[in-house]
Amino acid sequence: MAIDPRNPDASYLSFWRDHHMCTLTTPRPDGTPHVVAVGVTYDPEGGRARVITNKNSRKVANILAAGPEGARVAVCQVDKGRWATLEGVATIRTEAEVVADAVSRYAERYGRTPTPNPDRVVIEIALTRAMGRA
């Protein structure tokens with residue numbers, strides 16, 4: 001079911017507020033999908049989803065390899081018969097205030113503040129599509 005990523009219904013938004021691990025799918029340079037487990041925060045007002053990660057990760061390398069315009073990616077979460085997917089264009093953000101904001105959002109959703117990491121970056125996804133059954 002198609003959903004406006006900037007104006008989701010209450011049940012869809014609530015599902016993204018609950019504690020669920022997610023997957024992030026990025027394209028490898030050869031075009032094959034790379035799928036990994038991540039924590040995701042969803043900001044419908046800003047039209048963004050965020051993943052915090054290490055700058056040396058494969059997922060970051062895949063996004064950077066796509067060029068300055070970013071990479072088309074998807075994040076997804078599943079809980080029994082409920083599921084939700086967000087799609088968009090991912091770029092890598094390194095600014096200290098952007099990283100701090102993403103860490104704060106992660107702590108709010110997942111109930112714990114990640115250990116400090118000087119190599120932390122943010123995968124910021126400008127959302128273009130949302131779908132699911134929450």
Test side-chain contact (heavy atoms from CB on, under 4.5 Å) applied to T25 and H34, step by step | CA-CA 5 Å; T25 303; H34 176 257; over 6 Å; no
Spell out, as yes or no, whether a donor-acceptor pair under 3.5 Å connects the side chain of [X] to the backbone of [Y].
X    : Y   : result
R120 : N54 : no
R109 : D18 : yes
R6   : E45 : yes

How long is the straight-line distance from [atom2] of [Y] back to [atom1] of [X], given to the nearest 0.5 Å?
X    : Y    : atom1 : atom2 : result
R50  : E124 : CZ    : CD    : 5.0 Å
C76  : H20  : SG    : NE2   : 11.5 Å
T41  : I52  : OG1   : CD1   : 8.0 Å
N62  : T32  : CG    : OG1   : 8.0 Å
T26  : I123 : OG1   : CD1   : 7.5 Å
R133 : I3   : CZ    : CD1   : 9.5 Å

Flag yes if [X] and [Y] sit in one hydrophobic cluster, no otherwise; membership is Ile, Leu, Val, Met, Phe, Trp, Tyr, and two members link when side-chain heavy atoms are under 4.5 Å apart.
X    : Y    : answer
I125 : V98  : no
V78  : M131 : yes
Y110 : V99  : yes
I92  : V51  : yes

Any chance you could lay out the salt bridge (Lys or Arg N to Asp or Glu O under 4.0 Å) test for D119 and K55, step after step, and finish with the verdict?
-> CA-CA 6 Å; D119 291 332; K55 69 181 181 182; 3.5 Å; yes
Measure the shortest side-chain to side-chain distance between [X] and [Y] over non-hydrogen atoms and say whether it is less than 4.5 angstrom.
X   : Y    : answer
P8  : Y42  : yes
V60 : V121 : yes
T23 : V75  : no
V36 : V38  : yes
H19 : R112 : no
P44 : N7   : no
F15 : Q77  : yes
V40 : W16  : yes

Considering residues at least two apart in sequence or located in another chain, which fulfil the salt bridge (Lys or Arg N to Asp or Glu O under 4.0 Å) criterion with D9?
->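 Scan of D9 (salt bridge (Lys or Arg N to Asp or Glu O under 4.0 Å), adjacent residues dropped) gives none.
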Does a donor on one side chain sit under 3.5 Å from an acceptor on the other, for T128 and R72?
-> yes
Count the heavy atoms of every other residue, nucleotide or ligand shown that sit under 6.0 Å from [atom1] of [X], and state whether that count exceeds 12.
X   : atom1 : answer
R28 : CZ    : yes
E69 : CD    : no
R17 : CZ    : yes

Starting from the C-alpha separation in whole Å, work towards a yes-or-no answer on side-chain contact (heavy atoms from CB on, under 4.5 Å) for D101 and V103.
-> CA-CA 5 Å; D101 177 63; V103 168; over 6 Å; no
Kindly give the heavy-atom pair with the smallest separation between [X] and [Y], and that separation in Å.
X    : Y    : answer
G70  : T91  : CA-CG2, 4.0 Å
L86  : A130 : CD2-CB, 3.7 Å
A74  : E87  : CB-CG, 4.0 Å
Y106 : G39  : CE1-CA, 4.1 Å

Could you walk me through whether R48 and R105 pass the side-chain contact (heavy atoms from CB on, under 4.5 Å) test, one step at a time?
-> CA-CA 12 Å; R48 303 276 186 263; R105 290 170 187 271; over 6 Å; no
Can you check side-chain contact (heavy atoms from CB on, under 4.5 Å) on V73 and V89, steps first, answer last?
-> CA-CA 6 Å; V73 303; V89 178; over 6 Å; no
